[in-house]
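Every heavy atom of this structure was used, including side-chain atoms; hydrogens, water molecules and symmetry mates were not.
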Amino acid sequence: MTAPHLIISSLDLDRIEPLLGNSPQHQALQEELNRAEIRDPADMPPDVVTMNSQVRFKMKNSDAPFCLTLVYPKDVQGDESKISVLTPVGSALLGLKVGDNISWSGPAGRNIEVEILEVVYQPERAGELHR
């Protein structure tokens, strides 16, 4: 599977990069950020997953969709409706658009695939450019 085109907000990039360490998970996210197209928050397409977006997606081999809000680690606080951008699934969601699929090797070499079904809420689309 070809890696999908990623679009990242410059504001999100500025806030995520200081959170990254040297773990393999963080290095993988940094590689994704490095290949992403960076845009001003005001120029984000409305169907792209940005930080604090609520996104409906499904995992391959699962019929049930998930609907989670992509947040910074400090904002999860045990809330099951939120997912940190520093988790494998969270980092996979960032920058994808509706209809995109992404696949990566998970624990024990198991293939994990995510498909974006809908961006239910996106701060940029709602005019919240400096959240």
query = More than 12 non-hydrogen atoms from neighbouring residues, nucleotides or ligands closer than 6.0 Å to CG on Asn34, yes or no?
reply =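 It does: Asn34 CG has more than 12 such atoms within range.
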Could you measure the distance from the [atom1] atom of [X] to the [atom2] atom of [Y]? Nearest 0.5 Å is fine.
X     : Y      : atom1 : atom2 : answer
Leu6  : Leu96  : CG    : CG    : 5.5 Å
Leu11 : Ile16  : CG    : CD1   : 9.5 Å
Phe57 : Ile83  : CZ    : CD1   : 5.5 Å
Met51 : Leu13  : CE    : CG    : 12.0 Å
Arg56 : Ile116 : CZ    : CD1   : 10.5 Å

How close do [X] and [Y] get, heavy atom to heavy atom, and via which atoms?
X     : Y     : value
Leu70 : Gly90 : CD1-O, 3.4 Å
Gly95 : Ile8  : CA-CD1, 3.8 Å
Leu29 : Val85 : CD2-O, 3.8 Å

ask   = If only atom types and distance count, is the side chain of Thr50 paired as donor or acceptor with the main-chain N or O of Ser53 below 3.5 Å?
value =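 It does not hold such a pair.
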message = Connecting only ILVMFWY residues whose side-chain heavy atoms lie within less than 4.5 Å of each other, what is the rest of Val76's hydrophobic cluster?
response =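 Direct or chained contacts put Val76 with Val71.
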Remaining members of hydrophobic cluster (4.5 Å side-chain criterion), Ile7 =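 Once heavy-atom contacts under 4.5 Å are chained together, Ile7 belongs with Met44, Val48.
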Less than 4.5 Å apart, side chain to side chain, heavy atoms only: is that true for [X] and [Y]?
X      : Y     : result
Leu86  : Tyr72 : no
Val89  : Leu68 : no
Val55  : Phe66 : no
Gln77  : Asp79 : no
Glu124 : Ser9  : yes

inquiry  = Applying ring pair (Phe, Tyr, Trp, His ring centres under 6.0 Å), can you list everything that pairs with Tyr121, at least two apart in sequence or on another chain?
reply    =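 With neighbours one apart ignored, the set is empty.
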ask   = Considering residues at least two apart in sequence or located in another chain, which fulfil the side-chain hydrogen bond (donor to acceptor under 3.5 Å, both in side chains) criterion with Arg125?
value =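 With sequence neighbours excluded, Arg125 shows a side-chain hydrogen bond (donor to acceptor under 3.5 Å, both in side chains) to no residue whatsoever.
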inquiry  = Could you see if Leu19 belongs to whatever hydrophobic cluster contains Leu94? Use Ile, Leu, Val, Met, Phe, Trp, Tyr and a side-chain cutoff under 4.5 Å.
reply    =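 Yes, it is one cluster - the side chains of Leu19 and Leu94 are joined through contacts under 4.5 Å.
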inquiry  = In this structure, would Leu117 and Val119 fall into the same cluster of hydrophobic residues linked by side-chain contacts under 4.5 Å?
reply    =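 They do not share one cluster, since no chain of ILVMFWY contacts under 4.5 Å joins Leu117 to Val119.
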key: All pairs passing side-chain hydrogen bond (donor to acceptor under 3.5 Å, both in side chains) where residues 84-96 contributes a residue, at least two apart   =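 Every pair satisfying side-chain hydrogen bond (donor to acceptor under 3.5 Å, both in side chains) with a residue in residues 84-96: Gln25-Ser91.
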query = How would you list all residue pairs meeting side-chain hydrogen bond (donor to acceptor under 3.5 Å, both in side chains) that involve residues 35-45, not counting sequence neighbours?
reply =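 Of all non-adjacent pairs touching residues 35-45, those that pass side-chain hydrogen bond (donor to acceptor under 3.5 Å, both in side chains) are His5-Glu37, Glu32-Arg35, Glu37-Arg39.
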Donor-acceptor side-chain pairing of Glu128 and Gln122 below 3.5 angstrom =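 Absent: no donor and acceptor within the cut-off.
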